[in-house]
Trainee: 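Below is a structure I'd like to ask you about.
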Protein chains: 2
Amino acid sequence: MTTRALPQPDREEIRVETVLQALGEPVRLQIVRALADAPEGIACGDIELPVTASTRAHHLRTLREAGVLSTHTEGTRRISTLRREDLETLYPGLLTGILAAQR
Amino acid sequence: MTTRALPQPDREEIRVETVLQALGEPVRLQIVRALADAPEGIACGDIELPVTASTRAHHLRTLREAGVLSTHTEGTRRISTLRREDLETLYPGLLTGILAAQR
DNA sequence: CGACTAGTTCGACGTTGATCGTACTACGAT
DNA sequence: ATCGTAGTACGATCAACGTCGAACTAGTCG
């Protein structure tokens, strides 16, 4: 089995506008919430979403490039995790605030 | 002189996706930052923005309808203020986190 | 190897959204 | 009442985005 990490921005490259724009999309917010409930990460396909696989891939890429999540390959699966620490350092309280909203 | 408030969503009507989407636009984020620096409110036209008056009006409306700011008329000027308390109640930490980002 | 599975990439399509100019409204001052 | 100022509403335009299906890549298991 192979394990590899996908390219993502460094902490200092993360921009607020990009993060907010990424989070301001219902499906992506749903993904972030799913990830928040799974601290150890979750496989893309295991998140229930009302979109096709290709759209899901698109959203995950957007979130990763915005710096919201990390993805690494484990065999044929791609495990995504929230970049909690980076986000908390850059924008303390932001994630908490967002997740506090009732679904 | 006349004073009147413009229609805006009640606190319980505010939706996270809408707020995040509103904040995820550079010009609007700039407006929010200007408002954060002026707790007593600020007249629309006094915010320096790289867009025309009509575009500015559009963004202010978007932010107001999202529940991010309040606007009330004072004579011919429209004074906008951040809805800090409502946002803090709904999404504690969100605003702080966003404003913590260096410009 | 070949078949299967997980996921991505690409191109197309339709919708949304940011922007502008122009026309309009509302208020205050003269 | 008339003029000037602050700001909004409308319609048009163009770019960005979410969505999909189909083709592709990469890994696992027989």
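Being a predicted model, the structure only gives us computed values, none of them experimental. In what follows, every chain begins at residue 1, and chains take the letters A, B, ... in the order their sequences are listed. No hydrogens, no waters, no symmetry mates; every other heavy atom, side chains included, goes into these values.
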Trainee: If pairs are Watson-Crick or G-U with both distances under 3.5 Å, what is the dot-bracket string of DNA chain D, marking crossing pairs with [ ] and pairs to another strand with |?
Mentor: ||||||||||||||||||||||||||||||

Trainee: Would you say V68(B) and I47(B) are hydrophobically clustered, going by side-chain heavy atoms of ILVMFWY under 4.5 Å?
Mentor: yes

Trainee: To the nearest angstrom, how far is E74(B) atom CD from dG7(D) atom P?
Mentor: 11 Å

Trainee: Let's see if you can work this out: which of dC20(C), dT19(D), dA9(D) has an atom nearest to the side-chain heavy atoms of R61(B)?
Mentor: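 That would be dA9(D).
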
Trainee: To the side chain of S54(A), which of dT9(C), dC20(C), dT8(C) is closest?
Mentor: dT9(C)

Trainee: How many whole angstroms separate atom CG of L63(B) from atom P of dG7(D)?
Mentor: 16 Å

Trainee: Between dC20(C) atom C1' and H59(B) atom NE2, what is the distance in whole Å?
Mentor: 12 Å

Trainee: Quiz question: going by heavy-atom distance under 3.5 Å, is there a donor-acceptor pair between the base of dG7(C) and the side chain of T76(A)?
Mentor: no

Trainee: Using only side-chain N and O atoms of Q21(B), determine if any of them is under 4.0 Å from OP1 or OP2 of dG17(C).
Mentor: yes

Trainee: Could you check how far CG of D46(B) sits from C1' of dG7(D), rounded to whole Å?
Mentor: 12 Å

Trainee: Specify the separation, in whole Å, of atom CG of L49(B) and atom C1' of dG7(D).
Mentor: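 Those two atoms, CG and C1', are 14 Å apart.
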
Trainee: For a quick test of reading the model, state the closest non-hydrogen atom pair linking D10(A) to R83(A) and the distance between them.
Mentor: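 Heavy atoms of D10(A) and R83(A) come nearest at C-NH2, 4.0 Å.
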
Trainee: As a test of understanding, state which of H72(A), R77(A), R78(A) forms a side chain to side chain donor-acceptor pair (under 3.5 Å) with E74(A).
Mentor: H72(A)

Trainee: Counting side-chain heavy atoms from CB outward, which of dT8(C), dT9(C), dA18(C) is closest to R28(B)?
Mentor: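 Within the option list, the nearest is dA18(C).
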
Trainee: Does dT8(D) have OP1 or OP2 sitting under 4.0 Å from an N or O in the side chain of R56(B)?
Mentor: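 The answer is no; no side-chain N or O of R56(B) sits under 4.0 Å from OP1 or OP2.
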
Trainee: Just by modelled atom types, is the V16(A) backbone N or O under 3.5 Å from a matching donor or acceptor in the Y91(A) side chain?
Mentor: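 Yes.
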
Trainee: Whole Å only: how far is the NE2 atom of H58(B) from the P atom of dT22(C)?
Mentor: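 Going from NE2 in H58(B) over to P in dT22(C) covers 20 Å.
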
Trainee: Tell me which nucleotide among dG18(D), dG27(D), dC20(D) gets nearest to the side chain of E25(A).
Mentor: dG18(D)

Trainee: For the pair made of CG in L6(A) and C1' in dT25(D), what is the distance, rounded to whole Å?
Mentor: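 Distance check: L6(A) CG to dT25(D) C1' gives 13 Å.
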
Trainee: Please determine, for the side chain of T52(A), which listed nucleotide (dT19(C), dT8(C), dC20(D)) has the closest atom?
Mentor: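 Of all the options, the side chain of T52(A) is nearest to dC20(D).
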
Trainee: In whole angstrom, what separates Q30(B)'s CD from dT19(C)'s P?
Mentor: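 Result: 11 Å.
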
Trainee: Compare side-chain N and O positions of R77(B) against OP1 and OP2 of dA26(C) and report whether any pair is under 4.0 Å apart.
Mentor: no

Trainee: Main chain of V51(B), side chain of T55(B): is a donor-acceptor contact present, judged purely on distance under 3.5 Å?
Mentor: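 No, T55(B) side chain to V51(B) backbone: no donor-acceptor pair under 3.5 Å.
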
Trainee: Verify the neighbour count for atom CD of E40(A): are there more than 12 heavy atoms of other residues, nucleotides or ligands below 6.0 Å?
Mentor: no

Trainee: Determine whether T81(B) and S70(B) satisfy the following criterion, side chain to side chain donor-acceptor pair (under 3.5 Å), listing intermediate values before the conclusion.
Mentor: CA-CA 5 Å; T81(B) 50; S70(B) 265; 4.7 Å; no

